[in-house]
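For reference, the structure discussed in these notes is given below.
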Amino acid sequence: MSEPRKESHRSLIFGLLTIVAGSFAFGYALVPLYEVFCEITGFGGRTNTEAVVVEEAPDPTREIRVEFMTTVNSYAPFEFVADRDSMTVNPGKMYFATFTATNMTESDKVAHAVPSVAPPAAAENFVKIECFCFNSQEFLASEEKAMPLQFIVDPDIPEYVDTITLGYTFYDTTSMASNN
Amino acid sequence: MTTTTVDGHASDHDAHEDHGPEKGFKRWLFSTNHKDIGTMYLIFSLVMFFIGGAMAMYIRAELAIPGLQFRDPHFFNSMTTMHALIMVFGAIMPAFVGLANWMIPLQIGAPDMALPRMNNWSFWILPVAFSILLSTLFMPGGAPAGGWTMYPPLILQTGDAFPFLIFAVHLMGLSSIMGAINVVVTIINMRAPDMTLLKMPMFTWTWLITAYLLIAVMPVLAGAVTMLLTDQFFGTSFFLAAGGGDPVMFQHIFWFFGHPEVYIMILPAFGVVSEIIPTFSRKKLFGHDSMVYAASSIAFLSFIVWAHHMFTVGMPLTGQLFFMFATMLIAVPTGVKVFNWVATMWRGAMTFETPMLFSLAFVFLFTIGGFSGLMLAIAPADVQYHDTYFVVAHFHYVLVPGSVFAIMAGAYYWLPKWTGYYYNETLGKIHFWTSTIFVNITFFPMHFLGLAGMPRRIPDYSTQFADFNLIASIGAFGFGLSQLIFVLVLLTAKKGVEADDRVWEGAHGLEWTVPSPAPWHTFTTPPKHRIAVESFD
């Protein structure tokens with residue numbers, strides 16, 4: 001093969017391999033990008049998973065219904081319920097709710113609740129000040145535990161939202177916790 | 001092959017110029033010849049077409065009447081998953097790579113592919129990958145059954161087959177990337193003198209674009225399945241909600257690969273029919289340059305429409321609108337192509353040999369698949385169509401009478417150049433008509449089933465769907481049997497009339513200037529540039 005051709009092959013192949021490496025890296029870069037995207041837009045019902053401080057500024061003229069939904073992952077040996085199905089709230093005012101989970105096994109377990117808010121447009125306006133979902137929850141054998149939620153609905157919530165659904169899925173993370 | 005050459009081109013690669021192919025299996029195992037490797041790709045894809053086809057026959061037999069006929073639902077799910085993986089990665093993609101290996105060097109006047117040893121690797125990885133994939137059928141827990149899209153968390157419940165599935169996908173990706181790099185380097189660096197980019201034949205053009213798509217998205221798939229692997233075995237939580245991950249993110253990453261993949265499977269098909277229709281219309285391709293720009297626009301748009309596969313995951317309104325309109329935009333360049341094919345035929349002196357028949361059916365039936373695609377692109381309507389047989393009807397229309405028909409058309413078109421003899425035209429026509437009739441009997445009723453609400457990926461169904469399912473099953477068996485006629489055509493391929501160099505009266509392009517059958521080495525000296533340009537005109 002003539003030398004100039006070999007040379008131009010080599011630089012082209014190098015360029016193409018760079019694209020390959022770049023798009024492999026891009027696949028992984030989508031993970032943090034997706035996180036940021038969800039946090040900004042509330043995409044996928046993403047809501048805050050760390051405590052925040054919010055000033056109370058109640059708006060008594062508006063009422064919003066907050067519904068609670070609990071789901072237990074099929075592999076998690078728990079019972080998990082909200083103490084009440086729904087409550088009516090004023091935006092800008094702080095509220096408390098309680099959820100109860102029971103370990104249905106005879107061994108110690110670690111569990112984690114993952115929140116999701118619908119509609120997505122309301123996700124960033126539903127602010128949890130204190131939540132059992134911020135941390136893993138440890139359960140002794142057969143333990144029943146009441147877990148608190150403290151939240152506030154941001155008055156900036158879009159006009160058309162009159163109902164917010166807060167869903168929690170309860171996962172058994174015992175094996176993950178023991179790995180760490 | 002004792003051509004005396006200027007510039008010492010005879011020593012170009014290895015010492016092959018001086019002798020013919022090696023004898024026996026070594027010729028194939030160690031082959032660096034683009035024609036031999038092309039042939040192996042094509043035969044491999046035909047074998048995979050029949051294995052994947054056998055799985056389709058199982059699926060249609062199970063669905064012919066309501067109730068469970070044969071094995072358990074899990075095995076049915078394995079069959080749909082494996083059928084898709086094998087047809088996409090084992091049949092359609094390698095078939096186009098095989099055509100590329102054979103025809104691109106001949107179309108651009110190059111002596112071989114640019115990287116012949118890598119070419120050998122990219123082929124021989126495939127039988128390994130598919131042996132691994134097929135071996136999962138015999139593993140505890142069965143073959144993968146979570147769908148070819150491999151959505152977590154379901155796919156993580158695959159039994160022992162799971163890591164084998166991941167590694168098989170890695171290997172397929174590796175093979176595709178190497179093949180694509182080879183195609184790009186060949187086309188960019190090894191064209192005949194004076195064959196500028198815009199003078200390249202359409203098949204070569206569409207493959208150049210396809211190769212860039214492959215290089216850009218196959219690594220993304222590799223990344224996605226690697227994340228699945230580490231989620232399962234190494235304690236990461238990319239897609240596990242319990243650990244802070246998000247299963248929906250997999251869908252985004254997968255379809256960022258998956259939608260360009262759709263065009264990887266159809267752009268070369270566009271190229272093939274863009275070669276065939278001018279030949280049998282005895283006219284130049286109408287709007288060659290606009291075809292190039294249309295194919296490039298389709299490739300670009302394919303990167304920004306992926307979420308139309310997942311309208312139902314719960315997306316903000318602006319997101320739905322963006323992906324809906326971007327998707328509909330693809331109909332514009334695709335429409336340009338269809339109208340150009342029709343305009344090429346306009347007032348042409350048309351004849352209807354088998355390759356032309358397959359190409360005409362392609363234009364007509366692919367367009368039906370395109371229209372159902374437009375229906376699916378409408379976000380509010382998609383909520384009803386999603387995961388129903390309407391989707392199954394749509395993608396089978398674009399893949400079977402789309403991609404597969406184009407591959408068949410290409411095989412018939414170039415077969416005399418490969419073998420040196422005309423195939424049996426009567427058998428070819430019978431193959432065409434049976435395929436075309438049965439493919440419609442199979443897939444057209446699926447539109448109605450989907451609109452009536454029959455879900456995909458189920459082994460049993462409500463009795464109101466029974467009649468259309470039986471029709472579809474009869475069509476499927478007919479289509480499957482029809483493909484055996486193609487095997488007969490191949491077996492009798494060297495029994496016909498000897499073909500001259502040009503093969504088809506209206507054929508233009510460098511590949512028709514070499515003898516039939518194409519000798520083991522061609523264009524060891526680059527063609528005179530005036531030939532290169534004139535034969536294209």
Side-chain angles (χ1 to χ4, degrees), chain A residues 1-2 4-31 33-35 37-38 41-46 49 73-76 110-116 118-121 123 136 169-177 179-180, chain B residues 7-9 11-14 111 114-115 118 153 157 173-174 177-178 180-182 184-186 188-190 211-212 214-227 234-249 252-254 256-257 313-319:
Chain A
M1 193 168 295
S2 53
R5 180 175 273 179
K6 228 172 197 172
E7 199 43 51
S8 65
H9 279 5
R10 204 164 287 157
S11 61
L12 186 54
I13 294 166
F14 183 77
L16 295 171
L17 286 175
T18 315
I19 303 180
V20 171
S23 44
F24 187 76
F26 178 71
Y28 274 85
L30 281 173
V31 178
L33 285 175
Y34 182 76
E35 287 294 314
F37 178 73
C38 288
T41 61
F43 187 86
R46 190 68 62 94
T49 50
N73 176 261
S74 57
Y75 289 119
V110 182
H112 202 127
V114 176
S116 172
S136 289
T169 308
F170 215 60
Y171 290 94
D172 180 355
T173 55
T174 311
S175 59
M176 284 183 179
N179 282 344
N180 297 335
Chain B
D7 308 336
H9 273 287
S11 59
D12 255 17
H13 48 106
D14 308 338
L115 312 161
M118 192 168 84
Q157 296 176 22
L174 201 60
I177 291 168
M178 295 202 298
I181 289 178
N182 215 343
V184 173
V185 179
T186 307
I188 299 290
N189 282 353
M190 298 185 53
Y212 271 111
L214 277 167
I215 291 169
V217 299
M218 288 311 283
V220 177
L221 174 70
V225 297
T226 308
M227 291 180 212
F234 300 103
T236 59
S237 295
F238 288 107
F239 310 126
L240 302 179
D246 189 341
V248 174
M249 187 177 68
H252 284 286
I253 301 176
F254 179 86
F256 185 82
F257 144 81
V313 297
M315 209 184 293
L317 185 64
T318 41

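The sequence lines fix the lettering, A, B, ..., with proteins before strands; numbering per chain opens at 1.
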* To do: Let me know if Val114(A) has heavy atoms under 4.5 Å from chain B in its side chain, its backbone, both or neither.
  => side chain

* Pick whichever of Thr226(B), Val217(B), Leu214(B) has the most heavy-atom pairs under 4.5 Å with chain A. => Thr226(B)

* Structure fact -> Interatomic distance, CZ@Phe14(A) vs CD1@Ile181(B), rounded to 0.5 Å, equals 12.0 Å

* **Pairwise distance CG(Leu221(B)) to OG(Ser23(A)) - rounded to 0.5 angstrom** => 11.0 Å

* Asked: For the residue pair Met227(B) and Gly27(A), what are the closest heavy atoms and their distance?
  -> CE-O, 3.5 Å

* Tell me, side chain or backbone of Phe256(B) under 4.5 Å from chain A's heavy atoms, or both, or neither? -> side chain

* Top contributor to chain B contacts, counting heavy-atom pairs under 4.5 Å, from Ile19(A), Val31(A), Asp172(A) -> Val31(A)

* Asked: Could you state the interatomic distance from OG (Ser116(A)) to CG (Asp246(B)), rounded to the nearest 0.5 Å?
  -> 9.0 Å

* Looking only at non-hydrogen atoms, find the nearest pair between Leu30(A) and Met249(B) and report the distance. => O-SD, 4.4 Å

* Asked: Is it the side chain or the backbone of Met218(B) that comes within 4.5 Å of chain A heavy atoms, both, or neither?
  -> neither

* To do: Rounded to the nearest 0.5 Å, what's the gap from CG on Leu16(A) to CD1 on Ile215(B)? Could you check?
  => 4.5 Å

* Could you tell me how the ring of His252(B) sits relative to the ring of Tyr34(A): parallel (under 30°), tilted (30 to 60°) or perpendicular (over 60°)? => tilted

* Structure fact -> Sorted by chain and residue number, the side chain to side chain contact (heavy atoms under 4.5 Å, CB included) partners of Ile188(B) (sequence neighbours excluded) come out as Leu12(A), Val184(B), Leu208(B)

* **Distance in Å, Leu17(A) CG paired with Met178(B) CE, rounded so as to fall on 0.5 Å steps** => 11.0 Å

* Structure fact -> Residues at least two apart in sequence or cross-chain that pass side chain to side chain contact (heavy atoms under 4.5 Å, CB included) with Ala222(B), listed by chain then number, are Phe24(A), His170(B)

* Which bit of Phe26(A) is near chain B, if near means a heavy-atom gap under 4.5 Å: side chain, backbone, both or neither? -> side chain

